[in-house]
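Report on the structure given below.
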Amino acid sequence: MIVCVAVVGHQNNPLYIQSFTEADDALKLHHIVHCSLDVVDERVNNPKRSGPMLNETFLGLLYPIENYKVYGYLTNTKVKFILVTTDLDVKDADVRNFFRRFHAAYVDAVSNPFHVPGKKITSRTFAERVSTIVKSFGFSSAG
């Protein structure tokens, strides 16, 4: 089950964070997202040590923590997507499919002429689309 998704700007500023659990977990999940940024930076700045190719946008499992697994994705514009899940046996194909759909929703949201680049995403349509993607996570690999 996905418990949190986040969009973080190229200057590590949060553009969108949505948690799908009780309110008392929200602060903990924000902290997990913030800590994952160090892992993303390490993977991007040291590609030889961490494995993925330079042109690979899917960063894979960033790190497991307690009852969560944290996954990352980096766009061409250095915007980071973070996914926190409680599922311990998630398939990479499902996570890649999630990020592909999430990226499409993000592109649609920032393509809005009223959106100011680098500012928080406040679009209700984007939030609804993210909720739909999160609810369908793991049910099918076809997008």
Side-chain angles (χ1 to χ4, degrees), residues 1-21 25-143:
M1 172 180 147
I2 293 176
V3 292
C4 182
V5 293
V7 177
V8 181
H10 67 280
Q11 296 176 334
N12 289 341
N13 53 320
L15 301 178
Y16 180 83
I17 296 180
Q18 177 65 47
S19 56
F20 299 95
T21 62
D25 282 348
L27 186 60
K28 180 179 182 178
L29 294 170
H30 285 227
H31 178 72
I32 290 171
V33 167
H34 181 73
C35 291
S36 69
L37 297 178
D38 292 334
V39 179
V40 170
D41 287 341
E42 181 180 323
R43 291 211 181 164
V44 170
N45 296 329
N46 299 325
K48 287 177 267 178
R49 267 192 8 198
S50 59
M53 305 294 256
L54 289 175
N55 60 355
E56 178 70 45
T57 56
F58 177 63
L59 299 173
L61 178 66
L62 298 177
Y63 65 96
I65 180 171
E66 295 174 17
N67 299 328
Y68 304 111
K69 279 191 168 183
V70 183
Y71 292 88
Y73 182 93
L74 183 70
T75 68
N76 293 337
T77 57
K78 304 293 186 226
V79 173
K80 300 155 198 84
F81 299 155
I82 307 295
L83 166 69
V84 183
T85 180
T86 55
D87 296 332
L88 300 178
D89 58 344
V90 178
K91 297 176 188 158
D92 264 2
D94 289 340
V95 177
R96 282 178 187 268
N97 184 45
F98 169 83
F99 278 129
R100 186 178 50 77
R101 294 174 64 200
F102 190 73
H103 192 179
Y106 168 77
V107 168
D108 288 347
V110 298
S111 295
N112 182 340
F114 298 108
H115 175 73
V116 179
K119 299 293 181 190
K120 289 190 180 245
I121 300 170
T122 56
S123 166
R124 191 175 325 128
T125 305
F126 178 72
E128 290 168 0
R129 204 162 154 195
V130 168
S131 293
T132 302
I133 295 168
V134 166
K135 288 175 187 167
S136 69
F137 177 72
F139 287 121
S140 75
S141 295

Less than 4.5 Å apart, side chain to side chain, heavy atoms only: is that true for [X] and [Y]?
X    : Y    : result
L62  : I82  : yes
F98  : V5   : yes
F137 : V95  : yes
V3   : D25  : no
L59  : Y71  : no
V110 : P117 : no
V39  : R43  : yes

Sequence neighbours excluded - salt bridge (charged side-chain N to carboxylate O under 4.0 Å, His left out) pairs with any residue from residues 84-93: none
Salt bridge (charged side-chain N to carboxylate O under 4.0 Å, His left out): pairs with one or both residues in residues 4-21, sequence neighbours excluded: none
Going by ring-ring contact (aromatic ring centres under 6.0 Å, His included), name the residues that satisfy it together with Y73, two or more places apart in sequence or in a different chain. F81, F99, H103
List the residues meeting ring-ring contact (aromatic ring centres under 6.0 Å, His included) with F20, not counting sequence neighbours, and say none if there are none. none
Residues which pass side chain to side chain donor-acceptor pair (under 3.5 Å) with [X], listed by chain and number, not counting sequence neighbours:
X    : result
D108 : R129
T132 : none
S111 : none
H10  : none

Pair listing, side chain to side chain donor-acceptor pair (under 3.5 Å) test, anchored in residues 113-122, at least two apart: none
Sequence-distant partners of K80, salt bridge (charged side-chain N to carboxylate O under 4.0 Å, His left out), two or more places apart: none
Any residue meeting salt bridge (charged side-chain N to carboxylate O under 4.0 Å, His left out) with D41, in chain and number order, not counting sequence neighbours: none
Donor-acceptor pairs under 3.5 Å, side chain of residues 28-35 to any protein atom, not counting sequence neighbours: which ones?
| residue | atom | partner | partner atom | Å |
| --- | --- | --- | --- | --- |
| K28 | NZ | E66 | OE1 | 2.8 |

Donor-acceptor under 3.5 Å (T85 side chain, M1 main chain): yes
Evaluate side chain to side chain donor-acceptor pair (under 3.5 Å) for S19 paired with T21, printing each intermediate quantity in order. CA-CA 6 Å; S19 56; T21 62; 4.8 Å; no
Surrounding CG of N13 (heavy atoms of other residues, nucleotides or ligands, distance under 6.0 Å), is the total greater than 12? yes
